[in-house]
6 protein chains.
Amino acid sequence: MTDSFFSPVSGLDLPRFAGVPSFMRLPHVPLDHPRLAEVQIGLIGAPWDGGTTNRPGPRHGPRQLRDASTMIRAVNGATRVAPFDLARCADLGDVAPNPGDLMDSLARIEAFYDRVVAAGIRPLTAGGDHLCTLPILRALAKARPVGLIQFDSHSDLNDVYFGTARYTHGTPFRRAVEEGLIDPSRYCLIGLRGTAFGHEDLDFAAATGIRIIPVAELHARGAAEVMAEARAIAGSGPTYVTYDIDFVDPAFAPGTGTPEVGGPTSWTALEVARGLRGLDIIGADLVEVSPPFDPAGNTAWLGVNLMFEMLCVLAERIASA
Amino acid sequence: MTDSFFSPVSGLDLPRFAGVPSFMRLPHVPLDHPRLAEVQIGLIGAPWDGGTTNRPGPRHGPRQLRDASTMIRAVNGATRVAPFDLARCADLGDVAPNPGDLMDSLARIEAFYDRVVAAGIRPLTAGGDHLCTLPILRALAKARPVGLIQFDSHSDLNDVYFGTARYTHGTPFRRAVEEGLIDPSRYCLIGLRGTAFGHEDLDFAAATGIRIIPVAELHARGAAEVMAEARAIAGSGPTYVTYDIDFVDPAFAPGTGTPEVGGPTSWTALEVARGLRGLDIIGADLVEVSPPFDPAGNTAWLGVNLMFEMLCVLAERIASA
Amino acid sequence: MTDSFFSPVSGLDLPRFAGVPSFMRLPHVPLDHPRLAEVQIGLIGAPWDGGTTNRPGPRHGPRQLRDASTMIRAVNGATRVAPFDLARCADLGDVAPNPGDLMDSLARIEAFYDRVVAAGIRPLTAGGDHLCTLPILRALAKARPVGLIQFDSHSDLNDVYFGTARYTHGTPFRRAVEEGLIDPSRYCLIGLRGTAFGHEDLDFAAATGIRIIPVAELHARGAAEVMAEARAIAGSGPTYVTYDIDFVDPAFAPGTGTPEVGGPTSWTALEVARGLRGLDIIGADLVEVSPPFDPAGNTAWLGVNLMFEMLCVLAERIASA
Amino acid sequence: MTDSFFSPVSGLDLPRFAGVPSFMRLPHVPLDHPRLAEVQIGLIGAPWDGGTTNRPGPRHGPRQLRDASTMIRAVNGATRVAPFDLARCADLGDVAPNPGDLMDSLARIEAFYDRVVAAGIRPLTAGGDHLCTLPILRALAKARPVGLIQFDSHSDLNDVYFGTARYTHGTPFRRAVEEGLIDPSRYCLIGLRGTAFGHEDLDFAAATGIRIIPVAELHARGAAEVMAEARAIAGSGPTYVTYDIDFVDPAFAPGTGTPEVGGPTSWTALEVARGLRGLDIIGADLVEVSPPFDPAGNTAWLGVNLMFEMLCVLAERIASA
Amino acid sequence: MTDSFFSPVSGLDLPRFAGVPSFMRLPHVPLDHPRLAEVQIGLIGAPWDGGTTNRPGPRHGPRQLRDASTMIRAVNGATRVAPFDLARCADLGDVAPNPGDLMDSLARIEAFYDRVVAAGIRPLTAGGDHLCTLPILRALAKARPVGLIQFDSHSDLNDVYFGTARYTHGTPFRRAVEEGLIDPSRYCLIGLRGTAFGHEDLDFAAATGIRIIPVAELHARGAAEVMAEARAIAGSGPTYVTYDIDFVDPAFAPGTGTPEVGGPTSWTALEVARGLRGLDIIGADLVEVSPPFDPAGNTAWLGVNLMFEMLCVLAERIASA
Amino acid sequence: MTDSFFSPVSGLDLPRFAGVPSFMRLPHVPLDHPRLAEVQIGLIGAPWDGGTTNRPGPRHGPRQLRDASTMIRAVNGATRVAPFDLARCADLGDVAPNPGDLMDSLARIEAFYDRVVAAGIRPLTAGGDHLCTLPILRALAKARPVGLIQFDSHSDLNDVYFGTARYTHGTPFRRAVEEGLIDPSRYCLIGLRGTAFGHEDLDFAAATGIRIIPVAELHARGAAEVMAEARAIAGSGPTYVTYDIDFVDPAFAPGTGTPEVGGPTSWTALEVARGLRGLDIIGADLVEVSPPFDPAGNTAWLGVNLMFEMLCVLAERIASA
């Protein structure tokens, strides 16, 4: 990777609080940019929270995640991976949602990611609420169902809210399985906890073969063992990773709409992301960061670190291909 | 008014921070309550912000406004009106919106207010975003167009957002005029300011005869003179009042989604509400209070004081009838 | 449990941010309500902090805990207990304290709980500061001393503050033992830590046979083992549980008046509450939540989850009786 | 004033954020200090809020006011008075209240100010809630009733709260008049507004001859005219000044327990304080600053500026004597 | 202005919370951009606060101002000026300061503005602390002294801090006059208030002929009259405008390092900016916005509105040339 | 220790929120105080952040740490050490930095500590940013290199920032090793994590023999084992301890300029400090507490607890000598 165009600005040259904030200080390469075709990993914002049933705010996530991301440096201190040396990365900008029209927003997101896929770019998305993942999967899994690893305190496998609402941030993976976007036998959900409306979601998981690892099991077995199982479930096929920030305990990530207490620490949160190493990840996202509920900014800062960990795994895979 | 059922709990008996918080510590009388028919003024929450095009949060408004409202006492210090002695007031609870379905939410709100109207109750609503006012008007103006006094830093007279969105918090009064719910010749908008997308809204107002009093005119002429004109415009017919908290300067009301600087003080905000005295108000609302952006709680506190001022005007009218 | 009167409102029907907030969306059943006699578990607010020697605020605890509690759903995700199916639960409202008279407040709280006991209801209280527990114990332990399990970073076993003050939130259990309300041989205190004024409290515990498990021991032995010992100490007799939110590390629960660093995580906080299972709990409380010091609302959210865990234990016991 | 002992530390020597924070960076001269007898104006903290009936917090006022006060410089920019050149000023430290005993706290405060009076020092107090003013008046008005100028959004002339509470922050001046500490004919209250429990306080004022200037009158007539009247009422005799920060609109001073909207701006707040010039002020206070409700610190900063304005008036009087 | 390259993104197309945030959603045109020569007005960030003697933070100003600026729309609601139709505007990015080297930072800023001047661009700068204005003036006034209109609560005309520090945010205009960058006879400072270290700065102003209008005079005479005088002082020659956000009262702009109470409202703040109309402004800045002290974001929002007002004046001048 | 002069004020006498806040309520003994020579441990504030390359604020650290420190009591609850009975401790006040001159500030700090060393006092410093440690070491290690134990998420072993800046908070220990102040063979750094600019710092450590224990190793081995190794490295010679609060995870300590996620809990943070027991500590510091980024005050509260733990180790050493 010697093309300086794709090198992020260094904090030793321009202080990290300075400059127009793109993701990780990468070049801003919109979909109509002449160098789009060179991009291998595209960081994208999906500033939309139309699926939120409780506290809103993730529409502001990409803005705050970009802001926090300018504190990211070039090298992963834990794994010593230098992702920007391994793959050409760029900030592709934000999808334009339609805050006044849910179905149109889903269509807009899908169309955006169709172009990303067409350009051969692996997307790393900053949400947005968890419903954003559904249209992304529609674009990425058009050809065949994919494996899924989901870090989440909720299953997001519910069916209908408020009598009529089939598309909310509590239903995306129910829809995705129904639409054949995910292979449930290659789907592993980690971190479930909190109170439940009932057991409809667990029944659906049991019936379709989705593996759910509740947080008690994660606390008991540890990140390494759990991720070994998750990797085995996902296998060698194309796999999508979706990381809901509410996977982490709200002491570490208060800025989210539906926090659940009793979650893992930030260290475990990093460990599970590092545990993705080796998978054939075709795309990933970090969702549900809600800046209005994040007084110290800790949530966004943890969020971009998790994005960076996933970026490192993506970049290593690309470099090793 | 000697029925203790409708008397609010006094802060000299139960401290104001105690108790389950209903609006102004009034009895909670849901629509299926046996004493509903006795209610003259109904305080209602419309916890919905599905029309918000910018920063969300007004869905949390009714909760915070109820909380702040327990600091309201029995007597208006400025006018010495004691509204709870003049009219039977109650908290009718919240409309149940559908956060995942905009059109269904509009229908639900309208249906709720149909029942309120049928019960002969004048509604005083705590929003929610400004789109909530549209279905309320659909219920209240079913029989004939009404006059409208709007306190607002924006016109909310736009046509379409994001290409397709005809129902947002920037369009309710355009729709209401188009639907014949408002008589534009009896419509006065006070407080317009801030930057504008263009002049489409002003053109529409000019074409239909809506009177707009920009904030510079309010600053120059003062609340008394401006309200005299507004009363003359609304006349003696049935009139609805809609109070967007962003009418007030953000120093006094930061907790709103689209604040505009250069607005009036809280004193002027109270003065214009008191200037409604004498009108035949058939309903009123206070909208766009967004708790996630209100660090000190000042916005909700000002909001409930404005609701109390409008309540006093409503109660006086009822008592004088 | 098929009586819909006692069923909480579901978040799938009415969004969780909507509605007048009672505890866990249960019916509001004041002491003069016709259905009081049916209630088995009563959720009560004790909005009083007259015993606070340092930072005040717990008087606002019940309000904020009710607000947060509307995010609680029907089923315990960890134990799969559905408490509202096992016992008739209701929000009994708040005790009316006298913020200007400490001794009168103690008398008012005791009188309120006398009526709760007389109605055969097991109280689950949201404080208020820790002095609130003393008058509750006076009502619940009138007949005989009870066992006590206390989660707390402080012993609250001191004698006198400021020369004359025998009733503060640092002295309730000293008084309770002196008054014969607690059997010290069935009293186990878990989580002690932080700096100390001296050793007077430890001496009193040693002299009377109170078992104190400091936080270092909890960190070393784990929740399961410590709770096994605690259950053995409390035995099969009637036992009260008092949970001071400052038991938890301030990263998880900053909103309290006297935080102490080095505490357990939220996961351990939940685990010790689940470890109460099987005890004959006659009442429980969650105290010292101080909203003014809780910028993200995490403390109240953790607090109501802990209340829910204790509610599940209470409901299971009632159902199994 | 050439004694460097009494000169505040300059921000040009030691940055204003540095150093142990005494009031206005003056020397700390406790009551047992050898140079106490030289002090002419004593700045004192009364960290007590035992009289608070609503939101607590003023016990933290002196700490935050001291912190903010290190930003005060040597010269009044508006009047060009340099108070520290005109009078020997010192920080006398804090009264030690008894948070667990209201009556003992009143006695402790009175005893402290007895010593201040005995030393010939004019006290300038930072509260604490408004009940603190009662024991101060007991010490200062032992010999004869004094005049009173009160800046306040509330009358604080109520009789009893919660059935039994005669000493709260809503009753101090009722008590003070009853005890003969204040000459009601020399008592002027400015700024009354907000909702009222009833009219008991106004009746008392009318019956005893207290002059109340409601905020509407202040808005209409302006600070200069109102203060001319206030000075005429207080006359040439010894006069105490009590400044409740809730006099000011909550946009300027959110950090207080019972804010009332529609108040004056900070400019008017300064103007009325400057309007005290010429009176024989024997003591003054600034009360009800509540740091937990002051997210930006604006309230304390305004508060110390108001203390400085009163200090300038006191110093000029001393210098001219 | 028909070149779409220089048109800001509309909030009706892309929601205002979306997208990589450049100033007012203008194109990002760094100094090495091929279209630099077309730019007429350059919006620039100066993220540096090395001159701050009290509370730091303005280094984060440009980031937060850009964020807030995406809420600005196309047309000035008060004057109906559409600046982006009148002049080609762009975001030139941030100067790279050296946080570890004050003198090097001054040199870097000057060098950056030398290039801006060379490109014939009028700069509109977002600070940064007030010391940033000195190197900007060094670049803009190289050829001849310029007129200066300064909105500020402080004079910033001091000489030396802490014994040796000649370059702080309290000294820039002393240095600028000494260096011959400003013509003191064309220099008008508006808004002075607060406590003062002494009278050295006033003496310097008097000796050199600088006109200072203290805030009391502004309150008394009003914005229109004061600005008429200011325009007369600046005359028809090239004039620089420097706007310190602490000119405004801290209720409206808390997010600044050295707030002074008693300042003008946001309405007056806008009025004085509009009063610049007609002057030959060669550059302008808005400084001292400090995000860490701005809990509601009001300060940045007011700040970008003031930048927009100045931009309108600049654009009108360019269009009329 | 029977001299009451050196006894801190007890919270049982004066409530902990009261009084002029010195460190841990100890006597304020400036360097010119007559009893300076008796002091054995001096608590000192270094309110300076001129070396900060990212978010500023530690200049406000000493003020907030003093404020929080008044909640510290007399006895260490974990070790039962009562430090104020073992050694004469005092608050020596703050060093006066020069915010406008980095090199002068370094000189001022060194000169201050020269006097502390000359008086035979062991300093316990509250920073300030990490660059403050360099001039402290220059004073303490004048005679010979010392051992160093550093708790930190960063190495602070970088060479140059922004092209020219050799003195920043990222370079102090590079400079200290180069200047011969530290014996690298007795230097152990614990807690390294986060992203890295490159590997220059690790290369320097490897070349000079500095032992770095990354956070993954700390998580895996535990505090006890790691501290045993650290003690072995430091050996029996004079050792300095520098504790950067960013060692702790930002959930526990958000108030710092460059937080790094994945850090240890507060319990581990305390454990490593207790693990210093037995070393010959000649001085210690707690740096990088940044109040503007600490909404709940947790960081300062944890910080003073860590200072107290280090104070206990210092006092035990003195008492055992």
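Just so it is clear: chains get the letters A, B, ... in the order the sequence lines come, proteins before strands, and each one is counted from 1. Please read all numbers here as calculations on a predicted model, not as lab measurements.
For chain C, the nearby part of Arg108(D) is the side chain; its heavy atoms alone come within less than 4.5 Å. There is no contact between Ser290(D) and chain C, counting heavy-atom distances below 4.5 Å.
With hydrogens and angles ignored, the 3.5 Å screen pairs a side-chain donor or acceptor of Arg59(C) with a backbone N or O of Asn54(D).
Of the listed residues Pro295(D), Gly100(D), Gly57(D), Gly163(D), the one with more heavy-atom pairs under 4.5 angstrom with chain C than any other is Gly100(D).
You'll find the side chain of Leu102(D) stays beyond 4.5 Å of the side chain of Leu102(C), heavy atoms only. By the 4.5 Å heavy-atom criterion applied to side chains, Arg166(D) and Asp101(C) are not counted as neighbours.
Heavy atoms only, all atoms of each residue included: Thr52(C) and Pro99(D) are closest at O-CB, 3.8 Å. Heavy atoms only, all atoms of each residue included: Phe293(C) and Pro292(D) are closest at CZ-CG, 3.8 Å.
Taking CG of Asn98(C) as the reference point, atom OH of Tyr161(D) lies at 12.0 Å (rounded to 0.5 Å).
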